[in-house]
Amino acid sequence: MADEAVAERAAEPASHDPQKPQGSRSPEAPPRGRERGGERGGERGGDRGDEQAQGEAEAHDGPEAGDDEAAERAKERERAADRIKDLTRDPLAEEDGEDGPTDLAAAARARRAGRKLLTSGRDFTSFDRSRIGHAHIGDINVSLDARRSGVAMRGGPVPEEELRRLRRAHVEPAGYVRLRRALESRRLLVLGGAPGTGRTCTALALLDEVTRDGAGDGGRVRRFDPHQGEGVRGLVGEVKGGEGGEGGERRGTGYLLELALDRPGTLPPDEMDLDQLASTLAEGDAYAVVVVSVGSAANPLLAGRYGMVCPPAPSQELVTVRLRERLEEARDHEALERAARIAEDPEVIEAVGLDDLRPAEAELLASLLAEHLLGSLTREELLAGCRGIAAVQAHEWFAGVDRALAAAPSSGDGRTPVRSATAALFHPVAFRIALAVLGGGSHSAVSAAAHLLTWELSVQSDPDSTPSRPLFCDDPKSDRALSRARSDNGAIDVAGAEVTGQLIFYRGSALPAAVLAEIWDRHFPVRAPVVRWLRLLADDPRPQVSVRAAVAAGELSVRDFEYGFGELVRPLAEASSPRRRVFAATALDQVAGHASHRKAVRKVVDDWSRYGTASLRWTAAMTLGHGRAADSVDAALDALARIGVRDQGRQLAVASLNVVRLLTLPECATVLRRLGQWAEDRREEYQDLALVTIVRLATTGVDEVLDDEPGTPLGDRGDWPLLLALAVTRPELTGTLADLLWTALNTARSRDVAFDALEALLRSASRGERRERGERGEGREGGEGRGGGDRMRPGLAALLPALTSDEHDRQQLEWLLRRMMRDQDRPLTTEQASALWRLAVPARQRRSDEEESHG
């Protein structure tokens with residue numbers, strides 16, 4: 001028949017259709033399939049015709065018995081169709097009602113991002129930090145152990161030898177000249193920076209420059225211990241000479257004071273104290289640099305007339321200077337170029353895993369490279385040492401954080417409660433942990449999670465007090481500086497749509513795993529509040545939070561599977577909430593990604609699928625869908641079938657969803673073959689599993705089930721329906737895919753929902769075509785929540801001809817196109833219907849059909 005005929009007949013009333021197929025078929029119901037049996041090709045059949053069965057019953061039992069039996073059969077068919085329709089709904093939305101939305105695509109993207117964040121090619125489970133001590137070889141004094149931020153060195157003069165070495169090795173940061181001029185003109189500089197960024201070295205270098213003409217046997221640059229006095233006020237007395245009257249001997253001296261403002265109860269100096277210090281320094285022809293950590297407590301100081309932020313020194317220049325110093329000692333002048341090439345080796349860069357290096361880290365990397373070139377370190381030892389740099393940073397962040405926690409002060413009268421200051425102490429720590437778990441997500445999500453964890457840490461540390469947290473002290477800039485983080489604009493999933501928001505990341509791929517390893521392996525008391533916190537995140541409705549937290553929970557469980565399984569995985573796997581069970585399944589799959597634990601995970605999942613409660617079987621099904629929780633795809637399908645058919649198909653919906661997820665694996669043909677076997681099985685529950693899975697395959701998008709990053713054949717079609725993407729990327733499977741969809745279209749209980757799914761596929765292409773003409777599409781780009789409908793036409797061009805190989809199949813497609821054209825809300829245009837018909841029926845077949853109609 002001509003393709004235009006479809007559109008012409010669709011515009012006519014149904015009762016006046018001159019070419020309506022035989023059997024008085026109404027346009028409101030699709031044509032019935034023929035009897036089941038026969039192979040694909042001209043003998044393909046479907047359900048036994050309902051009219052034929054009804055006629056046989058009437059002939060055997062008489063008209064009245066036939067009417068009763070036919071009515072009962074009609075009710076049974078209606079119940080079966082409703083059941084299939086219910087089973088094709090989203091099984092993850094049951095807690096929100098039958099139509100509750102879940103964003104599987106956002107969950108899949110969050111899972112990929114979380115896996116990339118925590119498994120960046122490094123050996124996460126076997127790294128031993130103690131090896132870094134052996135990797136530090138040479139006479140360069142690099143501090144590898146943690147030192148509490150803000151704990152100043154002992155007071156006293158800085159040796160000239162140390163100042164000479166500083167002049168030789170110091171790399172000036174950007175804006176160094178501006179810092180020096182400010183110190184020269186004001187005599188006092190409040191220098192802010194994150195610990196470890198070289199702020200103290202810069203302060204000493206500034207004081208060394210401005211005091212080179214100074215005198216005094218007491219040393220021209222001195223460190224002042226704040227514990228000797230009251231911070232800035234104590235330094236005023238030191239400059240005046242105190243009671244000993246030594247002020248005259250110290251004219252032209254430079255003073256370094258490191259203030260610890262992060263201690264509970266510590267108040268920053270006010271502007272009047274700084275003015276008094278500056279005046280005293282001018283009188284004594286002296287200079288002073290006060291070093292503070294960036295943060296809410298230091299913000300008023302840095303915003304004042306004496307405050308400036310210390311920028312970090314450039315990493316590459318730091319490494320080059322240190323390398324030159326080390327290799328000049330060895331008198332190997334050609335080795336510097338070789339060292340530079342090794343430093344740029346992708347494997348070395350990945351092992352270091354930091355976007356920029358702090359001075360001590362640059363010095364350590366230079367030592368490692370130099371010793372490797374001199375033959376003292378093998379390449380394996382070099383890489384092991386590089387991997388330890390991030391571990392050292394994590395250790396410094398967390399070692400002894402709560403040593404500064406003072407006892408709760410007395411209120412005096414014994415009755416007035418005193419609120420604990422633990423929250424202010426723990427917030428930077430909580431932010432680093434939250435960033436390790438949720439890095440790459442929105443800044444607001446990380447901040448909110450950090451506040452939740454701050455509460456848990458505070459309660460754990462001081463259970464008798466109510467933690468307090470000032471409401472207006474957060475400083476995103478300080479949070480980033482103290483946690484070596486960066487922010488950038490990017491896409492955020494919100495209610496199924498992507499919007500632009502501020503994302504936050506660590507400045508280095510090695511830091512998230514190093515942070516989690518540090519808190520889990522070296523600080524056992526922290527585990528309890530972190531577990532409670534992760535359980536809270538498991539209830540978060542945002543996939544970017546709950547799924548990323550699940551991936552982190554899996555990585556923590558790898559480090560201690562007994563603890564992680566008992567405290568995180570098993571309790572959430574038995575929860576009544578689907579969201580918590582998805583969390584447990586995601587964590588289990590993350591554990592299965594490590595060869596050392598894969599066998600244990602597979603044993604757990606197999607036991608749950610056989611003997612577990614309903615909740616455990618549900619969780620097992622979600623774990624199996626990732627493809628790593630069974631010995632093979634066949635074994636995973638066996639377990640999913642076992643779960644799906646048990647208890648009269650109570651969990652058939654979740655089983656079918658995870659069968660569809662397995663179709664993204666290379667063993668896709670195995671999954672399709674098993675679907676065909678289930679469809680031909682004599683047992684109805686297996687047939688239902690096949691039918692529901694086929695319909696779900698037609699309605700599931702690639703981005704909802706794919707684990708691969710863009711760049712793969714399927715990954716580049718993330719906005720496609722999975723059925724069409726498979727038809728294009730695996731053309732050898734197109735016939736099998738069409739056979740399975742044909743079975744669902746021609747089986748009575750799945751017919752209606754299967755035609756709805758086919759309609760969605762057809763509309764995907766028609767919307768794309770309409771956009772090409774400049775008309776406005778519906779929904780998200782591409783319609784039906786997926787973009788790129790015009791790109792999907794090759795998928796329909798591959799699938800539809802295989803699906804409409806005979807006249808009966810083409811009648812079904814014709815009926816569907818007519819129904820779509822008469823849709824009052826979303827009518828299909830004549831041009832769109834004709835284009836779809838041309839895709840389904842090749843030109844040769846159209847001419848043949850037209851000749852038969854005229855013959």
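Just so you know, residue 1 is the first one in the sequence shown, and it goes up from there. Only this structure's heavy atoms are used, side chains among them; waters, hydrogens and symmetry mates stay out. Since the model is a prediction, treat every value here as computed from it, not as a measurement.
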What one should report as the nearest heavy-atom pair of Pro91 and Trp618 is O-CZ2, 4.0 Å

Those residues at least two apart in sequence (or on a different chain) that pass side-chain hydrogen bond (donor to acceptor under 3.5 Å, both in side chains) with Gln393 are Arg358, Arg484

Any donor-acceptor N/O pair, Arg598 side chain to Ala629 backbone, under 3.5 Å:
no

Next item on the list: Would you please test Asn489 and Leu503 for side chain to side chain contact (heavy atoms under 4.5 Å, CB included) and show each step?
Entry: CA-CA 6 Å; Asn489 290 332; Leu503 309 181; over 6 Å; no

Margin query: Would the distance check show the side chain of Thr623 and the main-chain N or O of Thr619 forming a donor-acceptor pair, the cut-off being under 3.5 Å?
Written below: yes

Exercise. With Arg559 as the cation and Trp520 as the aromatic partner, state whether NZ or CZ is under 6.0 Å from the six-membered ring centre and within 45° of the axis.
Key: no

Item to complete: Decide yes or no on side chain to side chain contact (heavy atoms under 4.5 Å, CB included) for Arg527 and Glu567, but give the supporting numbers first.
Response: CA-CA 10 Å; Arg527 289 189 180 187; Glu567 297 294 327; over 6 Å; no

Quiz item: Do side-chain atoms of Arg696 reach the backbone of Arg89 as a donor and acceptor pair under 3.5 angstrom?
Solution: yes

Any side-chain heavy atom of Glu555 sitting closer than 4.5 Å to one from Gln590?
-> yes

For Ala485, is there any backbone N or O sitting under 3.5 Å from a side-chain donor or acceptor partner on Ser483? no

(message) Quick check: do Leu438 and Gln544 have side-chain heavy atoms less than 4.5 Å from each other?
(response) no

Which of Leu482, Leu453, Asp479 passes side chain to side chain contact (heavy atoms under 4.5 Å, CB included) with Phe431? Answer is Asp479

Donor-acceptor pair, Arg548 side chain versus Val437 backbone, under 3.5 Å?
no

In short, Ile349 meets Ala343 closest at the heavy-atom pair CG1-O, 3.5 Å

Side-chain donor-acceptor pair present, His443, Ser447, cut-off under 3.5 Å
yes

Minimal heavy-atom distance between Ser546 and Ala538, with the atoms involved, is CB-O, 4.0 Å

d(Arg717 CZ, Leu724 CG) to nearest 0.5 Å is 11.0 Å

message: What I want to find out is whether Arg507 reaches Asp356 closely enough, with some N-O distance under 4.0 Å, to be called a salt bridge.
response: yes

- Might you work through the side chain to side chain contact (heavy atoms under 4.5 Å, CB included) test for Thr586 and Arg111, ending with a clear yes or no? CA-CA 8 Å; Thr586 304; Arg111 180 171 173 270; 4.1 Å; yes

Interatomic distance, CG@Leu740 vs OG1@Thr693, rounded to 0.5 Å, equals 10.0 Å

| request: For side chain to side chain contact (heavy atoms under 4.5 Å, CB included), just list the numbers for Leu828 and Asp823, CA-CA rounded to whole Å, side-chain angles, deciding distance to a tenth of an Å, and then say yes or no. | output: CA-CA 7 Å; Leu828 200 67; Asp823 190 307; over 6 Å; no

Residues at least two apart in sequence or cross-chain that pass side chain to side chain contact (heavy atoms under 4.5 Å, CB included) with Asn658, listed by chain then number, are Ala621, Met622, Leu640, Val654, Arg661

- Side chains of Ile492 and Thr500 in contact at under 4.5 Å (non-hydrogen atoms): no

- Side-chain heavy atoms of Glu347 within contact of Leu383, under 4.5 Å: yes

- Exam field: side chain Thr734 to backbone Pro731, donor-acceptor pair closer than 3.5 Å: yes

- Message: Any non-hydrogen side-chain atom of Leu657 less than 4.5 Å from a side-chain atom of Leu104?
- Response: yes

message = So Leu799 and Val728, do their side chains get closer than 4.5 Å, heavy atoms only?
response = no

Closest non-hydrogen contact found for Leu733 with Cys668 is CD1-SG, 3.7 Å

For Ala514 and Ala394 the tightest heavy-atom approach is O-CB, 3.6 Å

Measuring only between side-chain heavy atoms, which start at C-beta, is Met792 closer than 4.5 Å to Pro721?
yes

Distance col, row Arg532:CZ vs Leu452:CG, nearest 0.5 angstrom, shows 12.0 Å

When you check the gap from the basic side-chain N to the acidic O, do Glu704 and Arg109 get nearer than 4.0 Å?
-> no

- Do Gln832 side-chain atoms and Thr829 backbone N/O form a donor-acceptor pair below 3.5 Å? yes

Here the pair of heavy atoms bringing Leu723 nearest to Ala698 is CD2-CB, 4.0 Å

Those residues at least two apart in sequence (or on a different chain) that pass side chain to side chain contact (heavy atoms under 4.5 Å, CB included) with Ser444 are Ser442

May I ask you to test the Glu396-Pro195 pair for a side-chain heavy-atom distance under 4.5 Å?
no

Taken to the nearest 0.5 Å, the spacing of Phe505 CZ from Asp355 CG works out to 11.0 Å

>> Donor-acceptor pair, distance only, cut-off 3.5 Å: does the side chain of Arg763 make one with the backbone of Arg826?
In response: yes

Parallel, tilted or perpendicular: which one describes the rings of Trp397 and Tyr506, with boundaries at 30° and 60°? parallel

Distance col, row Leu536:CG vs Trp455:CH2, nearest 0.5 angstrom, shows 12.0 Å

Rounded to the nearest 0.5 Å, the CG atom of Leu800 sits from the CG atom of Leu761 at a distance of 8.5 Å

